[in-house]
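Down below is the structure, laid out as C-alpha cells.
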Amino acid sequence: MDLDLAGRRALVTGSSSGIGEGIARMLASEGCAVVVHGRNRERAEKVAREIDAAGVALGELSNDESAAQVHEQARAALGGNIEILVNNAGGSTTDSTARPPLDITLAEWEANYQGNTLAAVRMILHAVPAMVEAGFGRVIQISSAVALQPNNLGPDYSGAKASLNNFTVSLAGSLHGAGVTVNTVTPGVIMMDGLIRWAREQYGNPAMTVEEITARMAGDRIFEVPPAGRLGTPEDIAMVVCMLASPRSGFVTGSNYRVDGGQVRAVL
C-alpha cells in the first residue's frame, strides 16, 4: 500500500540512534524529506548520509533557545515548514529509573520533565501553527510502556511520559477540523544497539546473539519477554509511525498505539 508520503517534510527528534534512527530510516525509504536531529554532529551526519536525508539539526530540546534553533535548522534543511513532527527525543535523563520514589530528587524530576515532556511541547509550539495554516500536519509522540503500566522505580520518567500521552489527547481535541492529527506510539522493551552492547559487556560475551541476550536477561528477571515471544525492534515502532504520518490516516487522532508485544496487560 502506498502511504503517499513521497515529498513530505519530516523532522524526527532524537534520530541519530535507536528508535528515532529507525523511524528516520523508514520515513526516508517511503520518500519523505527527513531531517535527522541529535546532539552529536558526527552521529547525526552519519545517519543523514546513509538515508540521504535533507539535512541535520543539532541541539538540545530541554531549553527554549536551543529548541528554537533546532526548529529553524530543520526548516532551512527542508526548504519549508515541517509537515510531520515525530517527537522521539527523550529517555531518562538521570539514573533515577533504577531508584524508588523517595530517593529521587526534585532536580531529577525537573530534568526528566524537561527532557521528555517540555521538549516535545517546545517543538509542537514551533511547528504546529504552520501545519494548521497549511491545513495538513502530523504529530507523533513516542512515549513508553511505563507511562501506562508504571513500576515501583523511576516515577519521574514514567510520569513525564504519562503527561505526554495526556497532552496528545488535549492537543488533538483542540485542533478540531484543522487537518492536523496528533497521536502517541507507546513502545515496550526495544532491543537497540545500546542494550545489546550493555548486555554483551555485562555477560562478558561479545558474540552473544539477540536471542541469547533476550533469554539471559529474561532469566535474570531484568524484564519479562512479552506474549509476542520476543523484544521489539526500532523497525516495529517505525512501521506504526509511518502509518500515522500518512495523509491516509486523517481519521486517526488523539489515539495511543501500543507497540509492546503485549507487554502492557490492560485494555488501553
Side-chain angles (χ1 to χ4, degrees), residues 1 3 5 8 10-32 34-38 43-44 47-48 50-51 53 61 84-92 97 115-117 119-120 123-124 138-149 157-158 160-162 164-165 167-168 181-198 210 213-214 223-246 248-249 252-264 266 268:
M1 178 180 179
L3 294 176
L5 285 169
R8 294 292 182 180
L11 169 64
V12 183
T13 67
S15 50
S16 61
S17 64
I19 291 173
E21 179 183 347
I23 293 169
R25 287 182 181 277
M26 195 168 290
L27 284 172
S29 75
E30 291 291 329
C32 281
V34 177
V35 168
V36 175
H37 163 258
R43 287 204 302 267
V47 173
E50 291 174 354
I51 69 173
L61 302 181
I84 299 165
L85 172 63
V86 183
N87 277 319
N88 169 75
S92 182
T97 52
N116 289 282
T117 305
M123 300 312 296
I124 285 168
R138 298 288 183 264
V139 178
I140 300 143
Q141 323 262 52
I142 307 301
S143 184
S144 169
V146 294
L148 307 176
Q149 187 170 279
Y157 172 70
S158 58
K161 287 299 191 182
L164 192 64
N165 290 39
F167 176 47
T168 293
T181 66
V182 191
N183 292 286
T184 304
V185 175
T186 301
V189 180
I190 304 299
M191 184 61 76
M192 295 184 290
D193 290 344
L195 179 59
I196 293 170
R197 286 194 300 271
W198 177 87
V210 169
I213 291 169
T214 301
F223 53 70
E224 180 182 353
V225 177
R230 65 173 177 86
L231 301 188
T233 68
E235 290 73 27
D236 290 322
I237 309 304
M239 288 288 292
V240 178
V241 169
C242 285
M243 181 272 289
L244 294 172
S246 170
R248 300 179 184 275
S249 66
V252 180
T253 193
S255 297
N256 176 49
Y257 282 78
R258 286 172 38 212
V259 188
D260 62 9
Q263 174 183 337
V264 173
L268 295 168

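The model shown is predicted, which means the values in this text are computed figures rather than measured ones. The basis for the numbers below is simple: all heavy atoms, side chains too, and nothing from hydrogens, waters or symmetry mates.
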Discussion item. So does V264 get a backbone contact from the side chain of R258, meaning a donor-acceptor N/O pair under 3.5 Å?
Written reply: yes
Fill in: K161 side chain vs I142 backbone, donor-acceptor pair below 3.5 Å
yes
Response to the item:
Scanning both residues in full, the closest heavy-atom pair of A145 with G188 reads CB-CA, 4.0 Å
Worksheet entry | I190 vs V259 side-chain heavy atoms within contact, under 4.5 Å | no
Fill in: Side chain proximity check, I51 to S29, heavy atoms < 4.5 angstrom
no
Worksheet, complete the sentence: With sequence neighbours left out, the residues meeting side-chain hydrogen bond (donor to acceptor under 3.5 Å, both in side chains) with T184 are T168
Response to the item:
Sequence neighbours excluded, the answer for side-chain hydrogen bond (donor to acceptor under 3.5 Å, both in side chains) partners of N88 is none
Discussion item. So R248 and M1, do their side chains get closer than 4.5 Å, heavy atoms only?
Written reply: yes
Worksheet entry | Set of residues satisfying salt bridge (Lys or Arg N to Asp or Glu O under 4.0 Å) with respect to E224, sequence neighbours excluded | R265
Discussion item. What's the separation between atom CE in M239 and atom CD1 in I23, rounded to the nearest 0.5 Å?
Written reply: 12.5 Å
Item to complete: Not counting sequence neighbours, which residues clear side chain to side chain contact (heavy atoms under 4.5 Å, CB included) with A44? List them please.
Response: S16, V36, V56, L58
Worksheet item: Who are the side chain to side chain contact (heavy atoms under 4.5 Å, CB included) partners of V252, not counting sequence neighbours?
Response: N183, L244, S255, Y257
Discussion item. Please list all pairs meeting salt bridge (Lys or Arg N to Asp or Glu O under 4.0 Å) that have one or both residues in residues 10-25, counting only residues at least two apart or in different chains.
Written reply: E21-R25, R25-E50
Practice prompt. List in chain and number order the residues that pass salt bridge (Lys or Arg N to Asp or Glu O under 4.0 Å) with R230, two or more places apart in sequence or in another chain; answer none if no residue qualifies.
Written response: D236
Item to complete: Report the residues that fulfil side chain to side chain contact (heavy atoms under 4.5 Å, CB included) with A245, sequence neighbours left out, ordered by chain and then residue number.
Response: L5, L27, I84, I140
Worksheet entry | All side-chain hydrogen bond (donor to acceptor under 3.5 Å, both in side chains) counterparts of S17, not counting sequence neighbours | none
Worksheet entry | Polar side-chain atom of T253 near backbone of V182 as donor-acceptor pair, under 3.5 Å | yes
Item to complete: Please step through side chain to side chain contact (heavy atoms under 4.5 Å, CB included) for the pair T214 and M191, ending with a clear verdict.
Response: CA-CA 9 Å; T214 301; M191 184 61 76; 3.5 Å; yes
Worksheet item: Which heavy atom of S144 sits nearest a heavy atom of Y157, and at what distance?
Response: CB-OH, 3.7 Å
Worksheet item: Can you name the residues that form a side chain to side chain contact (heavy atoms under 4.5 Å, CB included) with R197, not counting sequence neighbours?
Response: D193
Worksheet item: Crowded around M243 CE? As in, over 12 foreign heavy atoms under 6.0 Å?
Response: yes
Practice prompt. Check each of T186, N87, N165, N116 against Q141 using the side-chain hydrogen bond (donor to acceptor under 3.5 Å, both in side chains) test, and report the only one that passes.
Written response: N87
Discussion item. Restricting to side-chain hydrogen bond (donor to acceptor under 3.5 Å, both in side chains), what partner residues turn up for T13, sequence neighbours left out?
Written reply: none
